[in-house]
Structures are given as C-alpha cells and as structure tokens.
Protein chains: 2
Amino acid sequence: MSTGVPEGYDPHAFWPFAVTVDLAVFTVRDAALHVLLVERGQDPFRGRWALPGGFVLPRESADEAARRELAEETGLGPDAVGAFHLEQLRTYTDPDRDPRMRVVSVAYAALLPDLPEPRGGGDAASARWWGAGSAGPLAFDHDRILADARDRIGAKLEYTCLATEFCPAEFTLGELQQVYETVWGVELDRPNFRRKVLNAPGFVQPVEGPPRRTGGRGKPAALYRAGGATALHPPLLRPPPTEPSLSRPEGRTP
Amino acid sequence: MSTGVPEGYDPHAFWPFAVTVDLAVFTVRDAALHVLLVERGQDPFRGRWALPGGFVLPRESADEAARRELAEETGLGPDAVGAFHLEQLRTYTDPDRDPRMRVVSVAYAALLPDLPEPRGGGDAASARWWGAGSAGPLAFDHDRILADARDRIGAKLEYTCLATEFCPAEFTLGELQQVYETVWGVELDRPNFRRKVLNAPGFVQPVEGPPRRTGGRGKPAALYRAGGATALHPPLLRPPPTEPSLSRPEGRTP
DNA sequence: CCCTTTATAGTCAGAGTGACTATAAAGAAG
DNA sequence: CTTCTTTATAGTCACTCTGACTATAAAGGG
C-alpha cells in the first residue's frame, strides 16, 4: 500500500469497484457430481445459466456474503447452512469480465450432502442442479470458475478429510468411496479404499448399534460418522493420469 | 448474481469498494526465510511495517497489478520480474480491515532467488528484507496474510516443484535442500533427499560441463537446473509434526 | 435354491521411505 | 605434507504403504 494511494477519504474519490461473491455449490447425486446453477433473467447473458452469487454488502465480509447467498439459493435456514463446508477459492478480476462495469468476484466452493429438497425457496426460482459435466457455456467467466472449483475439490480430497462433507451425518464406506470415484472420475479398489480410510486416524468413526443400512441388494454395510480430523496424512493419492508419452518399459523378456 | 443487484449502470450508484493487492515476497537468504516489507509513511499505522502493495488500477487485473507492484518494490525491470513465481493467495475482505474505508485486498505470494541487490529503486525507499519469523506486528491484517502465505508455500513444497523458484538458474542439491529445510523449519536427511529429488521425473536436470561449485569447504557439488515438471508425484511429504498427545490431527485450510 | 450383489477379511509382491554406513573430494589446521 | 573437518555422493536394510488379487459373509431376486 505504497503506490497510487489516494490521499483523500471520500469513498467516491476512489475507483468504484463492485465486489461480488460467486458460489460453486457441489453435491454428489446418482453417482455424478452436480452443481447448483441459476438462470439469468436479465442482460447481460439473459437466459444463460450462471453460478449463484451476489453483491457483497457494505458491512459484511465476503465470507458472510457467501454464507448468506448459500442460504438464499438453497432455501435452507441460516442454521442449517452454517454446517456446510464453504471455502474461498480465488478472486477473478479481469477488467472485462462483466461488460457493465468493473466487478471483481470472490469465488467460493460449497460442499453439500444430497439434500431431499434441493431447490431453494429464495428469490432464485430458476435454480436447479446440473451435472457438473453437462453444464453448458455459463455466463461471464463462470465456466472457468467452475473448472477451477472442480480442480480444487478434487485436489483437496487427496490430502484432507473433505469427502465426508458430501455425505449425510451417517454413511457407509461405500458411499464415501462413491464420493471419491465421482469427483475424481476413476474407479477405486474397494478393499484398498476401506483399509486406507479405516487406518487414517480421525477420518471416520464407527457408529454404535445396529450396523446396517438397507435399501439396496447385498450385505448391509456398517455406518460411520465423520471423525474429528481434517487433514489426511499421508494423503490418499488419486491414480496418476496415465501419461501417454513417457516410459513404456515393454520389451524386456524375462 | 441474483440478490441485491443494483439495477442501474452508473458506477457511483454501487458501493465504492477499493481493491488492492498485497504481496508476500519471499526469498531464502542465510538459511532463513525472508520477506520484503515496507515502512508506512502515513497514517494509519504510520511507522509500522507492512506488506508491499497498492491499488488495482481501473484497467488492469489483480494479477497485472501484483506484477507491477513487484517490479516497483524490487526495483527490477518488468522483464526480470516476469520470470518470478507469483500466485494468488486469497482475498481479505473484513469490513474493518482498513479504518479509512472499505478495502478488499487480493493477496499474492511471490518467490524470488536471493538477489544481489535486494532493495528496490522504486518509490518504496524504505523497503527491506526481514526474517520471516522476526517480523514484528505488521500494519492492517498483514500478520495474518503473512502467516497464510507461509502456510501455503510450505504446503506447496510438498506436492510441487516450487522450491526451485527460490534458487538461481543453476544450483546444487544442497541449496535446494536448504530451501526445504528453511521453509519447513526441519532438518532433512541428505542422501534421502537426494534420492527423492533425482528420482522425481522433471524436477531437476543435471548441468553439463564442469560439475563443480566452489566457495565453501568440502567436495564440490554438481549443478542442476529446474526441470520442466511443476507437480511432484508422489509428493515429498514433510515429517509430520510429532503430535504430542491425543488424536487431533490438526488441520489447515489453505 | 441358486445366483447376483455388496460388504468385509486377508494375502502377497513391489515401490517408497527413514535411518544409517561408507567413500570421495575439497579446504583448513598442524 | 599430513591430518582433520566439511560437504557430496553411493549404497544398504528394514519397515510401511500401496496396488492387485482371492476368499468369505450376508443380503435380495429369479
């Protein structure tokens, strides 16, 4: 703060940036990653789908604005929304990202379990879940924000216990594995996944009582809760993306 | 963008947020992590030290503003500055973080090799390097920004090849190890570090010719350049912080 | 009753790592 | 010049973790 600092104190003497928050709200449903989108009712990008978001109010932080928007868009009470994972992603500041004026957007990623009532009762009547892969071209630079959000979530599953945020309060290891497979787009070996999760201290803790979950075919599974840990050490690395070029050590015959 | 959206197009009808960038510029010097600070010449926090930074201009992105500030504060040409690693950290938006007005700050972390001429020729005459641990209470919320930046850099050393950004174009494995030990504040086993780095594809590549570096005592070391890789897979995990007691693996939220 | 499906338990080889020892090549000390 | 210290490099060994795989248990559907 040493250069180009305006000396006055009148806010209107400064460049009037508008500051918004944009939310990439994810959930795992039907073995697919879904993201909450809203349809724009006005120009620019009228009729296009966009990430939910809104302006940061004069007396709130961006974190508070994001939490408020999350409550409005999901239609859930602020108390319920307070339990969801919400983290700042990064800030998008291209001068031309909004054709109307100079808007910088602080992007957030939110992780929700698959809720019974997904569509919100807020003012966003046209909000709905979209498969994260099938979301068409979004308004503004929201395609990039969404891609960055997916990258971040996928990376954080490796070295944090974040996956439980996609699950209900009690869940099976199969459901937890489904989260990893859905976000990463890979298949994991079930016994190995089980061994890794159960050996990680504080990742999950077993639920006492009748250890069964019915509903599908097959043997009932034991239920678990999220443990107290947030970091996963050593990490649960996703299989490296099979590089097409390098070392193919074929040809050595024993 | 569905709530609280002003309908007009007059910029002065919006809340006039000021947007700044703040830079945590790191280097490794004398086996200690150093950060570039500037002394404030005006209120608030007159006489206190602060991270260098400045306002985002009307027609530039925050990335461009950060790169421009980095050139100004280091006194290096924009061409030299363009090679340094500079990445966005996160954005700080507490309504009261600046007592004068509403300022949101996009924080960046920059990684520099130990330069022969550290102090810049810009308008920040009072810029100097501080040991990252001995930096006193800084202005604004810069203590928190600095702490977040250190956490982020330390974490990224684990799973990226970022450490080479602290080194000159040609360096020894001992110097690279020094970077890790300094940032993490731990001691690493030299043969094991060597084995890990040399086996990681694309991390470093040997320099042809006379493989020596003199200066200190001991056997001359071979020189290496940074390889093309940016990710480190599998990661180079820092030793876990010897948990003193119960099962509460502490978590960071980068 | 068999077959399919899912959950759980276990085995085994190989990669990776931490701890450690040994040797080589320089300058400093005597 | 010899010896010591310092740093670089090479290698060993045991242990852990992981990927791939096999086996058994417990449900529902034909």
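Owing to the predicted nature of the structure, the values given are computational and were not obtained by experimental measurement. Letters go in sequence order (proteins before strands), and every chain restarts at 1.
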* Asked: When only distance counts, do a donor and an acceptor, one from the side chain of A:Arg195 and one from the base of C:dG10, lie under 3.5 Å apart?
  ->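 No pair found.
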Expressed as a whole number of angstroms, how long is the span from [X]:[atom1] to [N]:[atom2]?
{"X": "A:Glu187", "N": "D:dC21", "atom1": "CD", "atom2": "P", "result": "14 Å"}
{"X": "A:Leu188", "N": "D:dT18", "atom1": "CG", "atom2": "C1'", "result": "13 Å"}
{"X": "A:Leu223", "N": "C:dA7", "atom1": "CG", "atom2": "P", "result": "11 Å"}
{"X": "A:Gln177", "N": "C:dT8", "atom1": "CD", "atom2": "P", "result": "11 Å"}
{"X": "A:Asp189", "N": "C:dC12", "atom1": "CG", "atom2": "C1'", "result": "14 Å"}
{"X": "A:Leu173", "N": "C:dT8", "atom1": "CG", "atom2": "P", "result": "6 Å"}
{"X": "B:Asn192", "N": "D:dC15", "atom1": "CG", "atom2": "P", "result": "16 Å"}
{"X": "A:Leu232", "N": "D:dC17", "atom1": "CG", "atom2": "P", "result": "12 Å"}

* To do: Among B:Thr160, B:Leu176, B:Thr230, find the residue that satisfies the side-chain contact (heavy atoms from CB on, under 4.5 Å) test when tested with B:Phe203.
  =>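 Only match with B:Phe203 under side-chain contact (heavy atoms from CB on, under 4.5 Å): B:Leu176.
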* **Sole candidate of B:Leu37, B:Val38, B:Leu23 that passes side-chain contact (heavy atoms from CB on, under 4.5 Å) when paired with B:Leu51** => B:Leu37
* To do: Please determine if A:Asp148 and A:Arg152 form a salt bridge, counting it only when a charged side-chain N lies under 4.0 Å from a carboxylate O.
  => no
* Asked: Heavy atoms under 4.0 Å, any strand shown: does B:Arg190 hit a base, just sugar-phosphate, or nothing?
  -> base
* When you match A:Lys196 and A:Gly218 each to their closest nucleotide on DNA chain D, which lands nearer the 5' end? -> A:Lys196
* **Pairwise distance OG1(B:Thr164) to CZ(B:Arg225) - rounded to 0.5 angstrom** => 12.5 Å
* Asked: So how far is it from A:Leu112 CG to A:His34 NE2, rounded to the nearest 0.5 Å?
  -> 13.5 Å
* B:Arg194 vs D:dT9: side-chain N/O to OP1/OP2 distance below 4.0 Å ->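 For B:Arg194, the contact criterion (side-chain N or O under 4.0 Å from OP1 or OP2 of D:dT9) is met.
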* Asked: Are B:Lys219 and D:dT9 close enough that a side-chain N or O sits under 4.0 Å from OP1 or OP2?
  -> no
* To do: Would you mind telling me which of C:dC20, C:dA24, C:dT8 lies closest to the side-chain atoms of A:Pro191?
  => C:dT8
* **Toward the 5' end of DNA chain C, by each residue's nearest nucleotide, B:Pro234 or A:Tyr224** =>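 Result of the comparison: A:Tyr224.
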